[in-house]
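Comments concern the structure below.
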Amino acid sequence: VSYTTSDPNVATIAGDLIHIVGTGTCTVYADQSGDDTYNAAPQASQQLTVNKATLTATADAQTKVYGDVNPALTFKYSGWKNSETETVIDTKPIAATTVTYTTSVGTYSITISGGSDNNYSFSYVPADFAVTAATLAVTAEAKTKVYGDINPALTFKYRGWKNNDDDSDLDIKPTASTTVTNTTSVGTYTDVITVS
């Protein structure tokens with residue numbers, strides 16, 4: 001008996017074994033020739049359908065500080081067949097997010113899409129992208145006054161703004177306070193102006 005296939009892009013025959021080489025549908029034919037004693041057998045056939053394997057692309061969760069550039073978006077594959085790797089993919093999927101350096105603190109999504117291949121269909125698993133608060137340093141400014149006078153206005157400076165923000169972007173502005181009053185004795189008091 002000899003075997004052939006209608007589409008060698010789907011399956012080939014070697015040593016009377018069918019070797020799957022791609023997805024699709026083909027017909028496998030079996031032929032037996034005759035001899036001096038027997039006539040040739042009628043050709044037999046069987047349809048073979050090879051479906052795509054499912055390749056899962058799972059996004060890796062990311063975290064960044066408000067105002068910083070995004071880290072690289074990455075993902076991992078699972079479901080490879082025949083020890084294959086991403087080098088065989090016709091069109092690789094890509095990871096994307098709506099998060100930018102100006103995105104507010106919160107949790108957002110990383111999605112994956114766009115993969116295409118002759119032998120694999122794709123399943124995509126999204127992941128979270130957390131934007132955490134940036135650290136804003138608030139430093140009280142030193143003050144001087146004469147005994148018995150009322151305190152001068154207490155002031156402070158900010159350091160660490162992102163994206164050209166300023167104190168108008170704060171939900172609640174910090175305030176400065178001190179234990180020094182008009183009756184406080186003459187002297188230098190360390191760390192008595194606090195900001196909170």
Side-chain angles (χ1 to χ4, degrees), residues 7 9-11 19-25 48-143 153-178 190-196:
D7 189 345
N9 294 316
V10 175
H19 296 271
I20 307 301
V21 295
T23 58
T25 300
L48 172 67
T49 300
V50 180
N51 296 315
K52 289 185 178 187
T54 299
L55 189 61
T56 301
T58 303
D60 296 318
Q62 299 291 347
T63 300
K64 74 157 193 160
V65 173
Y66 167 76
D68 288 355
V69 297
N70 287 357
L73 301 180
T74 56
F75 54 89
K76 294 179 179 64
Y77 295 103
S78 60
W80 292 114
K81 301 294 184 179
N82 307 317
S83 301
E84 292 177 328
T85 65
E86 67 178 292
T87 59
V88 303
I89 297 175
D90 297 330
T91 303
K92 294 178 178 64
I94 57 170
T97 184
T98 59
V99 174
T100 68
Y101 66 96
T102 60
T103 301
S104 299
V105 171
T107 301
Y108 304 88
S109 184
I110 299 169
T111 58
I112 307 173
S113 63
S116 174
D117 189 75
N118 289 336
N119 296 322
Y120 291 97
S121 59
F122 290 86
S123 173
Y124 303 115
V125 180
D128 288 341
F129 194 140
V131 180
T132 60
T135 300
L136 189 61
V138 185
T139 304
E141 297 181 299
K143 297 296 175 183
L154 301 178
T155 57
F156 46 84
K157 292 181 179 174
Y158 296 101
R159 184 171 39 84
W161 290 114
K162 304 278 187 171
N163 305 320
N164 296 316
D165 288 343
D166 58 31
D167 65 350
S168 67
D169 294 292
L170 298 177
D171 297 330
I172 299 173
K173 294 179 178 61
T175 57
S177 61
T178 184
T190 304
D191 297 332
V192 294
I193 303 173
T194 58
V195 184
S196 62

Who are the side chain to side chain donor-acceptor pair (under 3.5 Å) partners of [X], not counting sequence neighbours?
X      : value
Glu86  : none
Thr190 : none
Asp166 : Ser168
Tyr66  : Asn163, Asp165

My understanding is that only residues two or more places apart in sequence, or in another chain, count here; which of them pass salt bridge (Lys or Arg N to Asp or Glu O under 4.0 Å) with Lys92? none
Partners meeting salt bridge (Lys or Arg N to Asp or Glu O under 4.0 Å) with Asp68 (sequence neighbours left out): Lys162
Just distance, no hydrogens or angles: give the donor-acceptor pairs under 3.5 Å from side chains in residues 171-178, sequence neighbours left out.
| residue | atom | partner | partner atom | Å |
| --- | --- | --- | --- | --- |
| Lys173 | NZ | Asp167 | O | 3.4 |
| Ser177 | OG | Thr194 | OG1 | 3.3 |
| Thr178 | OG1 | Val180 | N | 3.2 |
| Thr178 | OG1 | Val192 | O | 2.9 |

Partners of Thr100 by side chain to side chain contact (heavy atoms under 4.5 Å, CB included), sequence neighbours excluded? Thr102, Thr103
Asn119: what forms a side chain to side chain contact (heavy atoms under 4.5 Å, CB included) with it, not counting sequence neighbours? Thr23, Asp117
Looking only at heavy atoms, which two atoms of [X] and [Y] are closest? And how far apart?
X     : Y      : answer
Leu73 : Phe129 : CD2-CE1, 3.9 Å
Ala59 : Phe75  : CA-CB, 3.7 Å
Ala11 : Leu48  : CB-CD2, 3.9 Å

Say you draw a straight line from CG of Asn70 to NZ of Lys64; how long is it, rounded to the nearest 0.5 Å? 4.5 Å
Evaluate ring pair (Phe, Tyr, Trp, His ring centres under 6.0 Å) for Tyr120 paired with Phe122, printing each intermediate quantity in order. CA-CA 6 Å; Tyr120 291 97; Phe122 290 86; 7.3 Å; no
For residues 106-116, which side-chain donor-acceptor pairs fall under 3.5 Å, sequence neighbours excluded?
| residue | atom | partner | partner atom | Å |
| --- | --- | --- | --- | --- |
| Tyr108 | OH | Ser104 | O | 2.8 |

Show me the pairs that pass salt bridge (Lys or Arg N to Asp or Glu O under 4.0 Å) and involve residues 134-143, at least two apart or across chains. Glu141-Lys157
Tell me the side chain to side chain donor-acceptor pair (under 3.5 Å) pairs involving residues 74-83, sequence neighbours left out? Asp60-Thr74, Asp60-Lys76
Output yes when a side-chain donor or acceptor of Gln62 lies under 3.5 Å from a complementary backbone atom of Ala72, and no otherwise. yes
Sub-4.5 Å side-chain heavy-atom contact between [X] and [Y]:
X      : Y      : result
Leu55  : Ile89  : yes
Val10  : Thr25  : no
Thr139 : Phe156 : no

Using a 6.0 Å cut-off, check whether atom CG of Asn164 has over 12 heavy atoms from anything other than its own residue. no
